[in-house]
Protein chains: 2
Amino acid sequence: MTATAPRPGPRVVALGPRPETGLLSTTAVGSTNRARVLQALADHGPLSRADLARHSGVTRASIGGVAAGLLTEGVLHELESGTGGSRRIGKPSRPLWFADRGPLGAVVLQPGVVEVGVVASDGRVSVRESVALPPVRSAAELDAAAVDAVRTVLGPTRQPLIAVGLALPGFFGPDGEILVSTTIDTLPGSRLPALLAAATGTTVVLEDDARALALGQRWFGQARGVRDFAALQIGAGIGAGIMLDGRLLRGPLVASEVGHMTVDHDGELCRCGQRGCWETLASSRWLHRRSEQAGLPEPETMTPRRLTELADTGDPAAAEVLDDYAGHVALGIVNLFHVLSIPLFILHGPIVEAGPRFLDRLREHVAARTMSALNALPTITMDENATRSGVLGAAAAAITHQLGVSL
Amino acid sequence: MTATAPRPGPRVVALGPRPETGLLSTTAVGSTNRARVLQALADHGPLSRADLARHSGVTRASIGGVAAGLLTEGVLHELESGTGGSRRIGKPSRPLWFADRGPLGAVVLQPGVVEVGVVASDGRVSVRESVALPPVRSAAELDAAAVDAVRTVLGPTRQPLIAVGLALPGFFGPDGEILVSTTIDTLPGSRLPALLAAATGTTVVLEDDARALALGQRWFGQARGVRDFAALQIGAGIGAGIMLDGRLLRGPLVASEVGHMTVDHDGELCRCGQRGCWETLASSRWLHRRSEQAGLPEPETMTPRRLTELADTGDPAAAEVLDDYAGHVALGIVNLFHVLSIPLFILHGPIVEAGPRFLDRLREHVAARTMSALNALPTITMDENATRSGVLGAAAAAITHQLGVSL
DNA sequence: CGAAAATGTATGAGACGGCTACAAATCAAG
DNA sequence: CTTGATTTGTAGCCGTCTCATACATTTTCG
């Protein structure tokens, strides 16, 4: 599993930790160190060999060897001297940075819609399009519609893609077979990864949608260089991609369902069949019902954005609903903070459009709900990339595999 | 940080993940592989070189080299041929097993009591004693009382200890300074680790109490060879040691407080200042109050054991309380299962004395509360070692460090 | 112009696992 | 009892990789 030798032919890769059983070999040292160097670059931006040596605690000579390999393989290239270097004296450094090896495909499957994009390896998004899917009745129909949508968007692309990232809301096995999805009920049994590999002619890298969001933030967003954080997707449902100590949490048995953590043990019935799930209090479904109770206009299509606009115009009922929403969202965040001690939460989804005032209220609720004995609070921010985060996440999944980085 | 060269002189080690930044070196390969071999032995029992080679996917020659080093260093020794070997044909194997390098000390600090023990490296407990502590007013007084208790118990021991494991309910820094404790308010600022090192003359390995329980199960208990499970301590408070993918979860910022996960968002006030924490519904405090409401005798000292005995005599009120208790304990377990997909929970503490019928009820509650869409349930068992689990956990922490295993 | 400082490289040494062949020990069949 | 099959553990050689050290190169400062 070297970081750099691309295998010919399309295939499917399910992102996941390598089995850590088994012993290290000397060649494994090489590929691991290559991956660590690439990770350091992604975390800190262009770095010279000397900088990399300081960061990783090895001699310049060792970095020189690693870098030589990556340069000849075309993974890295040297920037102009002076770029990013802060030193004034001495021989100027030659910073290393990722060479552009071609565009990455990004496919994000959501209920009723497929988002398709093309992303450069430095995170620039050149294509991004959402394609609505027709109603489908089976996994096969879903696959056909999704592949069709991807073809339509990626068809005009000239350059061949070097890899395709596929983010979808489901739990999959090591070979990319989709086992469970609590969001899209036609998804289990889908052969979409393999079909996409065939359609695009390249490797398809499969990842859970929430974890992909986290990867996107880690490679291209606010979590660059951050080893502990969570990406929270809050919309119709709630999902989380959680990175602890530089590793994405991946449950061993079933999907991670933070949205169905009980926060109100004899609360309302959730669509999952249980009572008082976080989703029953913090999803758009709750927002609709609560808006209706509050007599707000068009409650059945209420969004965080409209609710904020109503509150900003001075509607006290809207302001109250918004505050309740903040309090409910805070519940789950505080639970995750208490249990996992996650220091940074990045919010994604429609909730972002509730804006900075909502965020302030959310922070207050979180502060009020957090145990004071801990003497600490998590940082909470909102996704800055808005519509691009989905494709960035899928692309990040692809690049993670492509560079052999283990996250 | 080799697995085997003991540094002279007492010192304090806070168990924790090595910083994974930095590159691998060839010598690191050696120590990592030594640790992996030791881990495999601990997981599977005595194994021959050939068995180890099969488990780890390397050649017998490579294992031979690793084993040679561990044998000459006295970490391992060879058992008689035939022990544990199942093969009938061929040259008989010489199984490898841990050499007895001396006893481990184990100290478990709890509110008002110190548990002190001596444990052999194969998990046999030769000494175990609980010493009540006098009321203390400061960290210094606590330290003095605890060191005194340890001296009293370990004084008569002849053999020198090769390491001492110290388990305590608190969050500590990398140098063993104790920062936060939600259980013992005189603990922050304690210098107990350093004082113990001075008193015993050996290395003191520091670990959180719940995580130590998990380590004990991993090395000596029901989680031998299991890479994903949680040890739950349920008594006056609730703590959890969670192992995922072979690594103990360690929050980066503050202590992990599963007991203060909100399960009832406008529930009763918890002693932590928040509302509806799991502890308000599943701790002994709740048991006392609920027993009082139900009119049970001596409610203020009610224990799971007495409650079970009452229920077994046919007291319907006791049976109802017990069932509520099971339902409340299930809440947190289900949350952890939904969020982290933990497939195995091992229960510790007074709750174990509620017996197998209670466990069955608990399992039913968990099954009822778990999302059916996941098509999976966690396994729930009870600690089999009862009173020995505490010292086994502390000893496991010591052995983990002593063997250089990273958990 | 020369010293100082910093970067990148060349070279040899040491550690370590992989591979292959081989000796050793046991059982089963004749 | 002998022979072959089977399995275990080991010896020797090789390739890979980092480490330590010295050195060439390029810039700044006095």
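A, B, ... follow the sequence lines: proteins, then strands. Residue 1 opens every chain.
The nearest whole Å value for the distance from the CG atom in A:Leu52 to the P atom in C:dA6 is 18 Å. Nucleotide D:dT8 holds its P atom 13 Å from the CD1 atom of B:Ile63, rounded to whole Å. Atom CG in A:Asp51 sits roughly 13 Å away from atom C1' in C:dG8 (whole-Å rounding). For the pair B:Glu80 CD and C:dA25 P, the interatomic distance rounds to 15 Å; values are reported in whole Å.
The closest side-chain heavy-atom distance from A:Ile399 to A:Leu104 is below 4.5 Å. The shortest side-chain heavy-atom distance between A:Trp219 and A:Leu407 falls under the 4.5 Å cut-off.
Of the charged side-chain nitrogens involved, none lies within less than 4.0 Å of a carboxylate oxygen, so that B:Asp245 and B:Arg247 do not count as a salt-bridged pair. A:Glu73 has no carboxylate O lying under 4.0 Å from a charged side-chain N of A:Arg101, or vice versa, which leaves the two without a salt bridge. We find that A:Arg218 and A:Asp43 are joined by a salt bridge, their nearest charged nitrogen and carboxylate oxygen being less than 4.0 Å apart.
With respect to B:Val75, the side-chain contact (heavy atoms from CB on, under 4.5 Å) criterion is satisfied by exactly one of B:Leu403, B:Leu96, B:Val37: B:Leu403.
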Enumerate the protein-to-nucleotides 10-17 of chain D contacts in which both atoms are nitrogen or oxygen and the separation is below 3.5 Å.
unit_1 : atom_1 : unit_2  : atom_2 : d
D:dT10 : OP2    : B:Arg49 : NE     : 3.2

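Put simply, A:Arg54 has a side-chain N or O that comes within less than 4.0 Å of OP1 or OP2 on C:dT7.
For B:Lys91 against D:dT8, a side-chain-to-base donor-acceptor contact under 3.5 Å is present.
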